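Report on the following structure.
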Amino acid sequence: PDGWNNLAYCNNGVTLFVDWLGALIVTDAIGIDILNPTWGKYVNAVIDAVIVSNTAGGNMILQAKNNSEHTITVSESNCKEVLPGNRWPHCEPGTINTSSSTVHIGLYEYQQGNKIWNPIDGLIHELLHGADIMSNGCATLDDQQINKLLAEIRKNPQINEKLNNILKTYPPKGRYNKDTGVLTVYE
């Protein structure tokens with residue numbers, strides 16, 4: 001830390017987090033940019049539900065979570081960034097270490113055409129992209145392949161119930177329409 005409030009460093013979690021890159025909060029191999037504790041609890045709840053699914057996608061995320069060399073950082077988006085392209089959920093490889101990545105997503109529904117993604121499915125989709133980058137050093141799976149892995153996870157009734165309960169606890173804040181660029185905030 002190099003500033004006026006050293007206790008604010010890593011969200012006052014100076015004894016809980018390792019900041020090995022100088023600006024990244026790492027709790028497991030899947031780190032969470034926790035500007036608010038609710039976001040971290042939400043992401044961890046989704047990850048914990050998915051990794052016990054005994055599916056190919058669940059195993060990919062489990063391996064990513066247990067990876068000691070690379071990270072996926074999950075950064076909360078408020079869908080109000082200036083650049084419209086940044087509002088859509090996405091995963092980008094790291095610039096220093098290409099086997100690490102950052103997922104940008106928020107608690108929003110995401111619409112493209114007639115398809116509406118709930119926040120959890122969007123998060124799992126992007127975590128799968130991150131796990132793919134982590135294990136292969138680059139993205140090897142396209143959106144269609146990632147969606148098949150997501151569908152397999154969602155086929156398990158117990159996992160589906162857990163994920164739906166998480167969605168009740170952390171409801172969407174609004175809907176972002178990629179085609180129109182319009183964000184509708186729910187009251």
Side-chain angles (χ1 to χ4, degrees), residues 13 16-17 25-79 88-91 99-136 139-176 178 186:
L16 300 174
F17 299 107
I25 296 172
V26 179
T27 54
D28 283 310
I30 299 177
I32 302 161
D33 180 9
I34 47 175
L35 297 177
N36 71 60
T38 304
W39 177 249
K41 289 177 185 175
Y42 161 72
V43 173
N44 279 321
V46 172
I47 291 168
D48 289 345
V50 169
I51 62 176
V52 296
S53 67
N54 199 26
T55 61
N59 290 335
M60 282 177 63
I61 293 173
L62 176 61
Q63 287 176 359
K65 184 178 189 314
N66 293 332
N67 189 311
S68 61
E69 295 180 33
H70 309 293
T71 60
I72 301 171
T73 302
V74 182
S75 178
E76 182 178 15
S77 165
N78 64 10
C79 263
W88 192 253
H90 59 283
C91 180
S99 292
S100 295
S101 60
T102 301
V103 169
H104 300 274
I105 192 165
L107 280 171
Y108 295 89
E109 294 177 320
Y110 296 94
Q111 180 175 357
Q112 185 173 21
N114 292 330
K115 176 71 176 165
I116 299 173
W117 292 88
N118 71 49
I120 289 178
D121 288 345
L123 174 59
I124 295 168
H125 176 100
E126 297 306 330
L127 284 171
L128 288 167
H129 275 303
D132 179 32
I133 291 168
M134 183 181 281
S135 64
N136 298 303
T140 61
L141 301 174
D142 62 24
D143 280 344
Q144 187 175 12
Q145 292 167 307
I146 293 289
N147 289 339
K148 284 182 182 177
L149 292 169
L150 173 59
E152 181 187 17
I153 291 168
R154 279 295 200 164
K155 282 183 184 175
N156 181 318
Q158 289 99 357
I159 302 303
N160 209 29
E161 183 179 356
K162 283 182 185 180
L163 294 173
N164 289 336
N165 286 335
I166 294 168
L167 192 58
K168 290 176 189 172
T169 306
Y170 301 95
K173 297 177 181 178
R175 178 179 295 166
Y176 174 70
K178 186 176 185 181
Y186 300 151

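For clarity, every value in this text was computed on a predicted model and none was experimentally measured.
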Let me confirm one number: the [atom1]-[atom2] distance from [X] to [Y], rounded to the nearest 0.5 Å.
{"X": "Leu62", "Y": "Asn67", "atom1": "CG", "atom2": "CG", "answer": "11.0 Å"}
{"X": "Lys178", "Y": "Tyr110", "atom1": "NZ", "atom2": "OH", "answer": "12.0 Å"}
{"X": "Gln144", "Y": "Lys148", "atom1": "CD", "atom2": "NZ", "answer": "5.0 Å"}
{"X": "Met134", "Y": "Ile61", "atom1": "CE", "atom2": "CD1", "answer": "11.0 Å"}

Is the backbone N or O of Gly40 less than 3.5 Å from a side-chain atom of Asn44, with the two atoms forming a donor-acceptor pair by type?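 Yes, because the side chain of Asn44 sits within donor-acceptor range (under 3.5 Å) of the backbone of Gly40.
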
Check: Asn147 side chain, Asp143 main-chain N or O, donor-acceptor pair, under 3.5 Å: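 Indeed, once roles are kept as given, a pair shorter than 3.5 Å links the two residues.
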
Could you work out, with side chain to side chain donor-acceptor pair (under 3.5 Å) as the rule, every residue matching Asn164, not counting sequence neighbours?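 Side chain to side chain donor-acceptor pair (under 3.5 Å) list for Asn164, sorted by chain: Arg154.
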
May I have the list of side-chain donor-acceptor pairs in residues 46-59 shorter than 3.5 Å, sequence neighbours left out?
| unit_1 | atom_1 | unit_2 | atom_2 | d |
| --- | --- | --- | --- | --- |
| Ser53 | OG | Val50 | O | 2.8 |
| Ser53 | OG | Thr55 | OG1 | 2.7 |
| Thr55 | OG1 | Gly58 | N | 3.0 |
| Asn59 | ND2 | Thr55 | O | 3.2 |

For the residue pair [X] and [Y], what are the closest heavy atoms and their distance?
{"X": "Tyr108", "Y": "Arg175", "value": "CD2-N, 4.3 Å"}
{"X": "Leu163", "Y": "Ile153", "value": "CD1-CG2, 4.5 Å"}
{"X": "Leu167", "Y": "Pro172", "value": "CD1-CD, 4.3 Å"}
{"X": "Gln111", "Y": "Ile116", "value": "CG-CG1, 3.9 Å"}

[X]: side-chain contact (heavy atoms from CB on, under 4.5 Å) partners, not counting sequence neighbours:
{"X": "Asn114", "value": "none"}
{"X": "Thr140", "value": "Asp132, Asn136, Cys138"}
{"X": "Glu126", "value": "Pro89, Cys91, Val103, His129"}
{"X": "Lys155", "value": "none"}

Any side-chain heavy atom of Leu141 sitting closer than 4.5 Å to one from Met60?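 Side chain of Leu141 against side chain of Met60, heavy atoms only: contact under 4.5 Å found.
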
With a 4.5 Å cut-off on side-chain heavy atoms, are Ile146 and Ile124 touching?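 They are not in contact (no side-chain heavy atoms under 4.5 Å apart), so the answer is no.
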
According to ring-ring contact (aromatic ring centres under 6.0 Å, His included), who are the partners of Tyr170, at least two apart in sequence or on a separate chain?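 Tyr170: ring-ring contact (aromatic ring centres under 6.0 Å, His included) contacts with Tyr42.
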
Pair listing, salt bridge (Lys or Arg N to Asp or Glu O under 4.0 Å) test, anchored in residues 54-63, at least two apart: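 Residue pairs with at least one partner in residues 54-63: there are none.
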
Within a radius of less than 6.0 Å around CD of Glu161, do more than 12 heavy atoms belonging to other residues, nucleotides or ligands occur?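 No - once you tally the heavy atoms of other residues, nucleotides and ligands closer than 6.0 Å, there are 12 at most.
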
